Amino acid sequence: MYLSRRKNERPEQEHMRCSTYAKEQDKCSVHYIRTCVLNEIVLGELNKLLTMVRDNEDEFIQTAMSNSVQRKSSELTKAKKTLKQAQKRIAELDKLFTRLYEDNVLGRLSDERFTMMSAGYEEEQTKLKATVAELTAFVETAEQKSSDVTTFLKVVHKYEHIDQLTPEIMHELVDKIVVHEPDKSSGKRVQDIEIHFRFDVAVSTISVETGKYGKKVA
């Protein structure tokens with residue numbers, strides 16, 4: 001989402017609009033949430049997190065480790081599978097290029113056809129090699145990296161209570177925030193907000209009734 005500001009607009013009217021809709025209107029709706037409402041929600045959830053860690057750190061660590069490891073394990077498995085497929089295809093292209101060269105030398109393939117086909121193979125192989133390099137780096141980093149939960153907890157321990165959100169706090173504790181389009185089927189404007197904390201340690205999902213005069217947690 002992106003911040004929308006207008007001249008002569010009161011602070012409580014400042015809002016965030018869907019960036020996807022701005023680019024591709026067929027993929028999302030023109031939904032929004034007021035900045036003051038979102039700020040209040042995030043601030044509340046961050047303080048809930050601080051309280052949770054302070055009151056029952058062992059349980060939080062166990063849950064956070066499980067979330068983080070599962071996510072990393074899934075991503076690592078997918079990366080390894082894609083890496084193996086790319087390496088296999090590169091080997092196949094090497095064989096195809098050799099066969100292509102032999103056919104050209106023996107006259108079974110014209111020079112024009114050889115040039116066209118070899119150029120296609122080389123382009124595909126170049127892209128695959130770049131993919132292999134990226135995936136190899138990702139796999140090595142993922143396998144060697146120690147638990148991010150410990151890093152996250154060190155940041156959490158810096159704060160007793162958060163009174164005001166700052167860019168530093170958001171960067172240290174929050175990975176992303178997803179604001180869903182509102183559901184008006186009940187006659188009220190209810191939105192789901194997802195707060196993804198850093199390192200995949202936890203996700204907080206809140207249903208919020210947002211209206212012209214304020215917000216109410218459903």
Side-chain angles (χ1 to χ4, degrees), residues 1-4 16-32 62-152 167 170-181 183 192-205:
M1 303 191 90
Y2 67 92
L3 182 62
S4 176
M16 309 286 289
R17 283 188 174 273
C18 178
S19 58
T20 301
Y21 179 83
K23 298 175 183 176
E24 301 176 80
Q25 297 184 5
D26 60 328
K27 291 190 176 182
C28 204
S29 65
V30 60
H31 62 282
Y32 68 92
Q62 185 176 356
T63 303
M65 284 291 289
S66 177
N67 290 339
S68 182
V69 169
Q70 285 178 7
R71 175 71 178 272
K72 283 184 180 178
S73 177
S74 175
E75 291 180 349
L76 191 57
T77 299
K78 183 178 179 180
K80 285 182 176 180
K81 182 179 179 181
T82 304
L83 177 60
K84 187 176 180 180
Q85 292 172 339
Q87 290 172 330
K88 181 180 178 181
R89 180 58 179 166
I90 288 174
E92 290 174 351
L93 288 170
D94 282 335
K95 293 179 181 179
L96 287 171
F97 189 82
T98 300
R99 191 180 306 163
L100 207 64
Y101 179 77
E102 291 174 350
D103 286 346
N104 178 249
V105 170
L106 295 174
R108 291 196 292 260
L109 189 68
S110 67
D111 290 343
E112 182 180 355
R113 187 69 174 168
F114 170 77
T115 300
M116 183 184 70
M117 294 181 69
S118 61
Y121 288 156
E122 286 178 354
E123 182 180 0
E124 182 183 357
Q125 195 171 62
T126 298
K127 291 179 180 178
L128 285 169
K129 286 181 178 179
T131 299
V132 166
E134 291 176 4
L135 289 173
T136 299
F138 172 80
V139 170
E140 289 177 350
T141 300
E143 290 181 335
Q144 294 176 4
K145 195 171 185 179
S146 60
S147 173
D148 291 324
V149 176
T150 302
T151 303
F152 185 80
M170 293 296 291
H171 177 72
E172 288 182 322
L173 297 174
V174 178
D175 179 41
K176 66 179 179 180
I177 300 172
V178 180
V179 179
H180 293 270
E181 59 184 306
D183 179 1
D192 287 339
I193 315 294
E194 296 174 14
I195 301 173
H196 296 251
F197 297 103
R198 288 200 67 196
F199 307 119
D200 300 308
V201 298
V203 178
S204 179
T205 303

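Nothing here was measured: the structure is a model prediction, and the numbers come from that model. Below, each value reflects all heavy atoms present in this structure, side chains not excepted, and no hydrogens, waters or symmetry copies.
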- Partner set under side-chain contact (heavy atoms from CB on, under 4.5 Å) for Ser118, not counting sequence neighbours: Phe97, Leu100, Phe114

- Side-chain heavy atoms of Leu96 within contact of Met117, under 4.5 Å: no

- Glu194 (side chain) donor-acceptor with Thr205 (main chain) under 3.5 angstrom: no

- Message: If the condition is salt bridge (charged side-chain N to carboxylate O under 4.0 Å, His left out), which residues does Glu124 pass it with, not counting sequence neighbours?
- Response: Arg89

- Task: Nearest 0.5 Å please: distance from the CD1 atom of Ile177 over to the NE2 atom of His196.
- Result: 9.5 Å

- Task: Please list, chain by chain and in numerical order, all residues satisfying side-chain hydrogen bond (donor to acceptor under 3.5 Å, both in side chains) with Ser204, sequence neighbours excluded.
- Result: Glu45

- Query: How would you list, by chain and number, every residue that makes a salt bridge (charged side-chain N to carboxylate O under 4.0 Å, His left out) with Glu172, sequence neighbours excluded?
  - Reply: Lys158

- Task: Keeping to residues at least two apart or across chains, list the salt bridge (Lys or Arg N to Asp or Glu O under 4.0 Å) pairs with something in residues 104-113.
- Result: Asp103-Arg108

- Message: Using 0.5 Å steps for rounding, measure from the CD atom of Glu123 to the CG atom of Leu93.
- Response: 11.5 Å

- Query: At what distance, to the nearest 0.5 angstrom, does CG of Asp192 lie from CD of Glu181?
  - Reply: 10.5 Å

- Across all chains, not counting sequence neighbours, the side-chain hydrogen bond (donor to acceptor under 3.5 Å, both in side chains) partners of Asp175 are none

- Query: To the nearest 0.5 Å, what is the distance between OG1 (Thr151) and CZ (Arg198)?
  - Reply: 8.5 Å

- Task: State which residues pass side-chain contact (heavy atoms from CB on, under 4.5 Å) with Asp183; sequence neighbours excluded, sorted by chain then number.
- Result: Ser185

- Message: Can you tell me how far apart OG1 (Thr82) and CG (Leu128) are? Round to the nearest 0.5 Å.
- Response: 11.5 Å

- Task: Output all residues satisfying side-chain contact (heavy atoms from CB on, under 4.5 Å) with Ala130, sequence neighbours left out; order by chain, then residue number.
- Result: none

- Task: Compare every heavy atom of Ala79 with every heavy atom of Val139, then report the nearest pair and how far apart it is.
- Result: CG2-CB, 4.1 Å

- Starting at OH of Tyr121, measure out to CE of Met116 and round the result to the nearest 0.5 Å. 9.5 Å

- Query: Are side-chain heavy atoms of Phe152 and Leu173 found at a separation under 4.5 Å?
  - Reply: yes

- Message: Under the rule for salt bridge (charged side-chain N to carboxylate O under 4.0 Å, His left out), what residues qualify as partners of Lys78, not counting sequence neighbours?
- Response: none

- Item | Results of side-chain contact (heavy atoms from CB on, under 4.5 Å) for Gln87 - residues two or more places apart only | Leu83, Val132

- Message: Between His180 and Val178, is there a side-chain heavy-atom distance shorter than 4.5 Å?
- Response: yes

